[in-house]
A.B. asks: 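Quick one: structure below, then a few questions.
Note that the structure is a prediction, hence the values are computed from the model and not measured. All values below come from the heavy atoms of this structure, side chains included, with hydrogens, waters and symmetry mates left out.
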Amino acid sequence: MAMRDETRMLLESMTRLFEDKSTKQVIDRAETGEFAADLWQVVAETGVPLAALPESAGGADAEWSDLYAVLRVAGRYSVPLPLAETMLAGWVAASAGLELSDGPMTVGPVRGADRLTVVRDGNGWRLSGKASRLPYASHVDRTVLIADGPDGEMAVALEGTGGAELTAGKNIANEARDTLAFSGVRLSADAVGALGSGVSRGALYRRGALARAAMMSGALERAMDLAVSYAQERVQFGRPISKFQAVQQNLAVLAGQTAAAVAAANLGIEALGRVDAERETFLIAVAKTRVGEAATLACEIAHQVHGAIGFTKEYALQLSTRRLWSWREEFGSDPEWAARVGSYACANGADGLWEMLTAVT
């Protein structure tokens, strides 16, 4: 499918921005716990974080496919911001008519076992439950959650962390992953609203998994580029190691895994909102599973090509590989999404397998 001119211009613009502003120095500072506020300000000024929202909610009615393509670029440059989370938080909150923020936001729950509930308390609400491993919760201006209410799932918008008991945490990439615990926290009436059409906890989980798949596909491209460049520059026994057949074979496998990951992620993005929910889940499950498999193999090969230097903090490869190892486990692990692929395949039966794999609508 040919890329639209608007999409191409957006990606070129965001690529230049991330390449210029998401430097290793900025990322290294972020990994110490310092939020990249200057980088966020530059990104926010582009309007991208809330671009998918309707104009009435301060957005631009942008295509989600374009925004997921931006997330791929963000993954390529290891951008240390809750960009995907802000996009999804805006989507959830706007559907319920809740107040948004121009600052960074996070969204949850992001783990299948976590549960939140809201109950009426006079003219307000009480929020209870736990949301674990929320990305950047300790740094955001607003937290948007989906909780079980008296009439079904409800959206909850909190200023900051809304008085929750916060337990700070990090993933392997030193990105903040904080746990919020609520014990009957009092909320105002306008902090809770009914979810809009098409928005649910399940839909949030799918879109979050697809966001991670898109970001991982970008990180894989970066790891491959670094491995190829290093192999061409590193001289051993009088010639670049890229001339050795064993290294060439490994680089070919790395390139194949990266291409497969990008294709799988694109398939999930194309399916978003354009097919029935069951098939959308299947295609996103394929994307998350296949990208996770590629990450496992690609990280191993990239580090083998680099040798010991690839693990050093001074070298850029570890910025990508540590994020690949971390993002692989977020919004559902590989085994969880692989089980969904298997369940869908079994439900459709052997006679429907080929059609299931090849149908685009």
A.B. asks: Do Ser132 side-chain atoms and Thr179 backbone N/O form a donor-acceptor pair below 3.5 Å?
C.D. replies: no
A.B. asks: Shared ILVMFWY cluster between Tyr230 and Leu220, side chains joined below 4.5 angstrom?
C.D. replies: no
A.B. asks: Heavy-atom distance under 4.5 Å between the side chains of Pro49 and Val43, does that happen here?
C.D. replies: yes
A.B. asks: In terms of hydrophobic clustering (I, L, V, M, F, W, Y; side-chain heavy atoms under 4.5 Å; direct or indirect links), are Leu180 and Val185 co-clustered?
C.D. replies: yes
A.B. asks: In terms of hydrophobic clusters joined by side-chain contacts under 4.5 Å, are Phe311 and Val305 together?
C.D. replies: no
A.B. asks: If we ignore hydrogens and angles and just use 3.5 Å, is the side chain of Gln248 paired with the main-chain N or O of Ser242 as donor and acceptor?
C.D. replies: yes
A.B. asks: Applying salt bridge (charged side-chain N to carboxylate O under 4.0 Å, His left out) as the test, list every pair that has at least one member in residues 103-116; sequence neighbours left out.
C.D. replies: none
A.B. asks: Same cluster for Leu11 and Val48 if Ile/Leu/Val/Met/Phe/Trp/Tyr side chains link at under 4.5 Å?
C.D. replies: yes
A.B. asks: Do Arg177 and Glu329 meet the salt-bridge criterion of a basic N to acidic O distance under 4.0 Å?
C.D. replies: no
A.B. asks: Do Met224 and Phe244 sit in one hydrophobic cluster, given that two such residues count as connected whenever their side-chain heavy atoms are within less than 4.5 Å of each other, even indirectly?
C.D. replies: yes
A.B. asks: So that I can tick it off, tell me whether Glu336 and Lys288 are bridged by a salt bridge, with the cut-off set at under 4.0 angstrom between side-chain N and carboxylate O.
C.D. replies: no
A.B. asks: For the side chain of Arg322 and the backbone of Ile172, is there at least one donor-acceptor N/O pair under 3.5 Å apart?
C.D. replies: yes
A.B. asks: Checking Thr289 side chain against Ala338 main chain: does a donor-acceptor pair fall under 3.5 Å?
C.D. replies: yes
A.B. asks: Would Asp225 and Arg76 count as a side chain to side chain contact (heavy atoms under 4.5 Å, CB included) if you check the C-alpha gap in whole Å, the side-chain angles of each, and the deciding distance to 0.1 Å?
C.D. replies: CA-CA 10 Å; Asp225 288 347; Arg76 184 182 182 89; 2.2 Å; yes
A.B. asks: With side chains defined as the heavy atoms from C-beta onward, is the minimum distance between Arg186 and Arg126 less than 4.5 Å?
C.D. replies: yes
A.B. asks: Less than 4.5 Å apart, side chain to side chain, heavy atoms only: is that true for Arg212 and Val291?
C.D. replies: no
A.B. asks: With distance as the sole test, does Ser13 use its side chain to make a donor-acceptor pair with the main-chain N or O of Leu10 at under 3.5 Å?
C.D. replies: no
A.B. asks: Tell me, please, which residues at least two apart from Asp5 pass salt bridge (Lys or Arg N to Asp or Glu O under 4.0 Å).
C.D. replies: Arg8
A.B. asks: Hey, does the side chain of Lys170 reach the backbone of Asp178 with a donor-acceptor pair shorter than 3.5 angstrom?
C.D. replies: no
A.B. asks: Between the side chain of Arg323 and the main-chain N/O of Leu319, is any donor-acceptor distance below 3.5 Å?
C.D. replies: yes
A.B. asks: Has Tyr344 got a side-chain atom pairing as donor or acceptor with Thr281's backbone, closer than 3.5 angstrom?
C.D. replies: no
A.B. asks: Would you mind writing out the side-chain donor-acceptor pairs for residues 140-159 within the sub-3.5 Å range, not counting sequence neighbours?
C.D. replies:
{"residue": "Thr143", "atom": "OG1", "partner": "Gly160", "partner atom": "O", "Å": "2.7"}
{"residue": "Glu153", "atom": "OE1", "partner": "Arg201", "partner atom": "N", "Å": "3.1"}

A.B. asks: Does the pair Gln41 and Glu45 meet the rule for a side chain to side chain donor-acceptor pair (under 3.5 Å), with working shown?
C.D. replies: CA-CA 6 Å; Gln41 184 62 36; Glu45 288 173 357; 3.2 Å; yes
A.B. asks: Are more than 12 heavy atoms from other residues, nucleotides or ligands located less than 6.0 Å from atom CD of Gln304?
C.D. replies: yes
A.B. asks: Has Ser326 got a side-chain atom pairing as donor or acceptor with Ala173's backbone, closer than 3.5 angstrom?
C.D. replies: yes
A.B. asks: As a test of understanding, state which of Arg207, Arg206, Arg340 forms a salt bridge (charged side-chain N to carboxylate O under 4.0 Å, His left out) with Glu280.
C.D. replies: Arg206
A.B. asks: Could you tell me whether a side-chain N or O of Ser229 sits under 3.5 Å from a main-chain N or O of Leu226, the two making a donor and an acceptor?
C.D. replies: no
A.B. asks: May I ask you to decide if the ring planes of Trp91 and Trp64 are parallel, tilted or perpendicular, using 30° and 60° as cut-offs?
C.D. replies: perpendicular
